[in-house]
Amino acid sequence: MSSRLPTGGRVDRSAPLRFTFDGVEYPGLSGDTLASALIANGVLTVGPSLYRERPRGVVTAGVDDPHALVQLERPQNEPMQLATTVELCDGLVATGLQGRGRLEEEPDEALFDKTYLHTDVLVVGAGPAGLAAALAAGRSGARVVLVDDQPELGGALLGGREEIDGRPGPAWVAEVRAELETQPETRVLTRATAIGYHDRNYVLVAERRPDRPGGGGRLWHLRARQVVLATGAHERPLVFAGNDRPGVMAAAAVRTYLGRYAVLPGRRAVVFTTGDSAYATALELAAAGAVVPALVDTRPEPPAALVEAARAAGIEVLAGSAVVGTEGEERLTGVRVSALTDDGQLTGAVQELACDLLAVSGGWSPAVHLWSMARGTVRYDEALAAFVPDRAAQDVRTAGSARGRHDLAGCLTEGLTAGAEAATAAGFPVEVPATPSCTGDEPPAAPRPVWLVPGESGDPSTWRDHFVDTQRDATVADVHRAVRAGMRSVEHIKRYTTIGTAHDQGKSCGVAAIGVIAQLLGARSPGEVGTTTYRGPYVPVSFALLAGRERGPLFDPVRTTPVHPWHVRRGAVFENVGQWHRPRYYPRPGEDMDAAVLRECRAAREGVAMMDASTLGKIDVIGPDAGVFLDRLYTNGFAKLPVGSARYGVMCRADGMVFDDGVTVRLAPDHYYLTTTTGNAAAVLDWMEEWLQTEWPELRVSCTSVTEQWTTVAVVGPRSREVLAALAPGLDVSNEAFPFMTVRHTELANGLPARICRISFSGELSYEVNVAGWYGLALWEAVLAYGAHAGITPYGTETMHVLRAEKGYPIVGQDTDGTVTPQDLGMSWIVARHKDFVGRRSFARADTSRVDRKHLVGLLPVDRAELLPEGAQLVAPGTDVTAVPAESLGHVTSSYRSAALGRTFALALVRGGRDRIGDTVLAPLPDGRTVAATVTEPVLFDPKGTRRDG
């Protein structure tokens with residue numbers, strides 16, 4: 001049976017729509033939400049509850065609904081959407097949920113953007129207070145942004161019967177909107193929800209864009225000089241037996257469905273309230289044709305004028321009473337009412353009333369979420385029975401219901417004042433406009449808060465149908481159990497019971513839960529208990545919105561070197577190293593990775609090979625104090641490094657653990673050029689800047705990333721000298737003229753100016769040729785051409801790893817894990833004894849000098865063909881590997897097949913490893929086998945380093 005009223009509402013009756021819910025097709029109208037369209041078709045039940053599978057229905061008309069979760073299937077697939085906020089469109093398909101959504105495997109084609117904007121005044125909320133604030137601020141000429149989460153401005157005025165300046169509320173809203181549109185510096189955002197309020201008035205706003213194909217949205221990053229929060233208030237539920245049944249709705253929501261959507265949620269309605277506002281709901285229900293047998297008011301003496309108006313409409317007012325229970329299976333069929341004593345206990349006979357709708361108003365809680373995110377404090381107002389804003393921590397004001405003002409004239413006055421004051425504070429002085437006359441919403445009388453309606457059994461531990469958080473199926477019995485367990489903090493009880501942790505983050509139940517806790521603890525008021533912490537986002541948002549266009553290929557930008565096109569043409573297999581796309585190996589026809597890597601390794605060890613090393617982090621450190629600065633950061637010294645020389649260095653964090661390593665070249669007395677590991681370049685630069693800015697600002701040093709400015713090609717192998725001699729004919733490349741760990745500047749045969757460093761990460765004779773990045777491809781092709789006679793072979797990162805591991809050179813981040821000191825790596829020689837540096841003091845800690853610390857060692861599997869998996873745990877012989885947990889000695893950090901050794905080998909971090917040289921360790925594998933390996937020194941090839949000079 002249709003519940004759509006024949007007239008009224010703001011829906012477009014000339015634009016009918018069709019939609020499907022749970023497999024059944026229904027009619028709707030343009031302007032409906034999914035919730036209003038369902039109610040219009042007599043559907044109140046949305047889905048079962050999360051844990052107890054009780055039927056649950058629509059409760060509110062906005063973002064604070066605790067139940068109405070649906071899965072949208074069309075026009076786009078979106079999980080965990082609130083039916084109360086989903087705008088109806090033709091062909092919409094949705095299903096009810098049990099609190100859990102479903103992600104589709106197909107990519108979301110909706111378009112999401114990010115926009116950044118500065119404004120003088122930001123007004124959040126476009127009800128009467130927010131509209132008034134935007135109007136006053138806009139008249140000053142200030143840049144004003146007004147945001148509201150609804151498709152239309154106006155808030156409660158859209159569905160109410162209030163009048164402003166003698167005109168209906170919607171007509172006044174239209175006039176204000178028209179004036180705002182004429183103000184050149186005012187921007188109005190509808191369907192836009194402020195989801196986060198951060199430091200220095202930085203506000204995030206999530207805008208929905210249903211006009212786009214496939215939907216989508218925009219995330220606004222707003223920086224405001226002044227902010228006005230006119231975010232309204234949430235109507236609280238009441239906690240009584242059976243308060244979760246479909247048909248139990250918020251009284252204000254019932255009024256919204258009547259006035260805005262022309263929908264009658266029930267034919268026979270009881271209203272249950274603690275204050276004035278629900279009387280309007282009762283009167284409008286009666287005017288819409290519903291039978292209202294009773295209005296139950298907890299106050300013994302409600303305002304006489306309201307009682308008379310109700311009785312004139314044929315509504316009996318049961319003062320000093322409460323609903324103590326409900327009846328019905330899939331939907332509400334009746335309520336039980338009892339009188340209350342002054343101390344909130346039940347008294348007298350229980351009256352049973354048949355009804356299919358119970359409109360409940362437990363009072364109003366100002367929406368202080370954004371205020372609290374901005375670090376504003378709240379206080380409990382006894383007269384309002386609500387937590388209201390107190391002290392601001394930023395340039396922000398509140399107005400209207402957001403600060404506990406619930407009459408129309410008061411909201412308008414506060415909005416106009418807040419808007420004018422905000423504009424003036426932002427540098428645009430303006431007078432506060434006069435408040436227009438208004439009728440239909442008078443200042444309310446004091447409420448009588450009832451935080452917990454007693455059950456008829458009298459024992460709170462058994463009140464398992466007194467729901468505090470209906471989404472989490474959390475009841476008074478759960479809160480009682482938490483209190484009996486000794487909990488007193490609302491934060492502890494929240495986590496013990498999960499109250500307020502669902503999608504609505506306690507918008508509907510949060511303050512009611514605090515009231516229940518206060519009552520069970522015997523506190524005088526909820527103010528003694530305090531609130532939980534309000535955190536963003538204010539409403540759930542999708543990761544797609546947060547990502548914007550930074551998804552798919554744009555999620556993590558791919559960095560490539562100038563030589564990348566050549567690598568692609570030659571069929572390189574790539575791997576991601578940080579954001580860099582690096583060649584891993586270059587397979588020839590018929591080769592797998594093992595075969596290709598063995599071939600590349602043999603070329604580097606026996607002839608000549610080349611590698612694109614451009615991804616190394618490169619940082620220019622320039623200034624008179626550059627040497628002093630590097631001495632403080634590195635474990636070894638650089639201040640006395642001669643110009644034209646290079647030195648390998650290790651950098652530690654304050655705890656003494658290895659952070660990064662690399663080679664630093666001194667190019668001039670005040671100019672150092674240092675390299676970092678590829679994946680750590682940004683972190684190292686950030687680390688250097690942190691020390692310069694926070695600890696040593698007196699040092700005259702600047703640090704500049706030049707990673708992309710240089711292309712680096714490593715020429716490696718016994719024949720690398722003859723290739724370099726041909727490539728740089730003007731350079732004396734003899735050992736005497738160009739010794740190890742020095743740098744030379746020259747011109748290459750093709751005319752390119754180059755910086756050439758004699759550095760080796762392979763143990764072989766090696767040179768790193770550097771040219772400006774835009775000449776990178778020309779350099780690579782020149783090296784290939786001048787090395788062709790020697791059979792020069794390109795190699796990738798996998799071969800690089802094998803070559804360095806054969807020499808025992810660790811890779812930071814692979815052979816270290818944040819718990820490794822230079823001494824653990826066998827590099828005590830690099831730790832200076834006579835200078836201070838970051839991390840030095842930590843070497844004096846007992847932990848860093850333990851004899852059983854893990855050391856970097858080599859491993860040779862007993863079976864020469866067995867390749868140990870990287871990450872494999874190592875145990876001593878005789879260990880029961882089935883024990884949980886089995887005692888681990890360490891783990892494999894690197895493992896490869898070696899052409900030079902003719903076998904497999906590995907590096908590992910092993911407890912007391914240097915004292916275990918020659919011992920056997922075991923590696924239990926996931927397939928049930930146990931592999932034995934011998935512990936060796938980490939340097940497995942050319943231990944004396946004779947190959948370094950060719």
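Sequential numbering from 1 along the given sequence is applied to the chain's residues.
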Next item on the list: Go through D660 and T676 one step at a time and tell me if the side chain to side chain donor-acceptor pair (under 3.5 Å) criterion holds.
Entry: CA-CA 7 Å; D660 199 71; T676 75; 4.5 Å; no

Note to self: Working note: K807 + D942, criterion side-chain contact (heavy atoms from CB on, under 4.5 Å); need CA distance, chi angles, decisive distance, verdict.
What the structure shows: CA-CA 7 Å; K807 291 291 295 180; D942 186 28; 3.8 Å; yes

Next item on the list: For F905 and L859, run side-chain contact (heavy atoms from CB on, under 4.5 Å): C-alpha distance rounded to whole Å, both residues' side-chain angles, the deciding distance at 0.1 Å, then the answer.
Entry: CA-CA 6 Å; F905 75 103; L859 292 179; over 6 Å; no

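By the neighbour-count criterion of 12 heavy atoms within 6.0 Å, atom CZ of R841 is sparsely surrounded, having that number or fewer from other residues, nucleotides or ligands. Within 6.0 Å of the CH2 atom in W829, the count of heavy atoms belonging to other residues, nucleotides or ligands exceeds 12. For F837, the CZ atom is densely surrounded, since the number of other residues' heavy atoms within 6.0 Å is greater than 12.
A distance-only check finds a donor-acceptor pair linking the side chain of E600 to the backbone of G796 [under 3.5 Å]. With hydrogens and angles disregarded, no donor-acceptor distance shorter than 3.5 Å links the side chain of R804 to the backbone of F761.
Between F738 and Y767, a ring centre-to-centre spacing shorter than 6.0 Å is recorded. Taking the six-membered ring for Trp, W580 and H564 have ring centres at least 6.0 Å apart.
Of the N and O atoms on the side chains of Q814 and S894, at least one donor lies less than 3.5 Å from an acceptor on the other residue. The closest side-chain donor-acceptor pair between E806 and S898 falls under 3.5 angstrom. For R559 and N576, the side-chain atoms include no donor-acceptor pair closer than 3.5 Å.
Looking at every heavy atom in both residues, P794 comes nearest to Y586 through O-CD1, 3.7 Å.
With L724 as the fixed residue, the side chain to side chain contact (heavy atoms under 4.5 Å, CB included) test singles out one of V715, V783, V769: V769. For the side chain to side chain donor-acceptor pair (under 3.5 Å) test with T615, the passing option among Q579, R582, H581, E708 is R582; the others fail.
Sorted by first and then second residue, the ring-ring contact (aromatic ring centres under 6.0 Å, His included) pairs involving residues 849-868 (not counting sequence neighbours) form an empty list.
Counting only heavy atoms from C-beta outward, the side chains of M827 and Y648 approach each other to under 4.5 Å.
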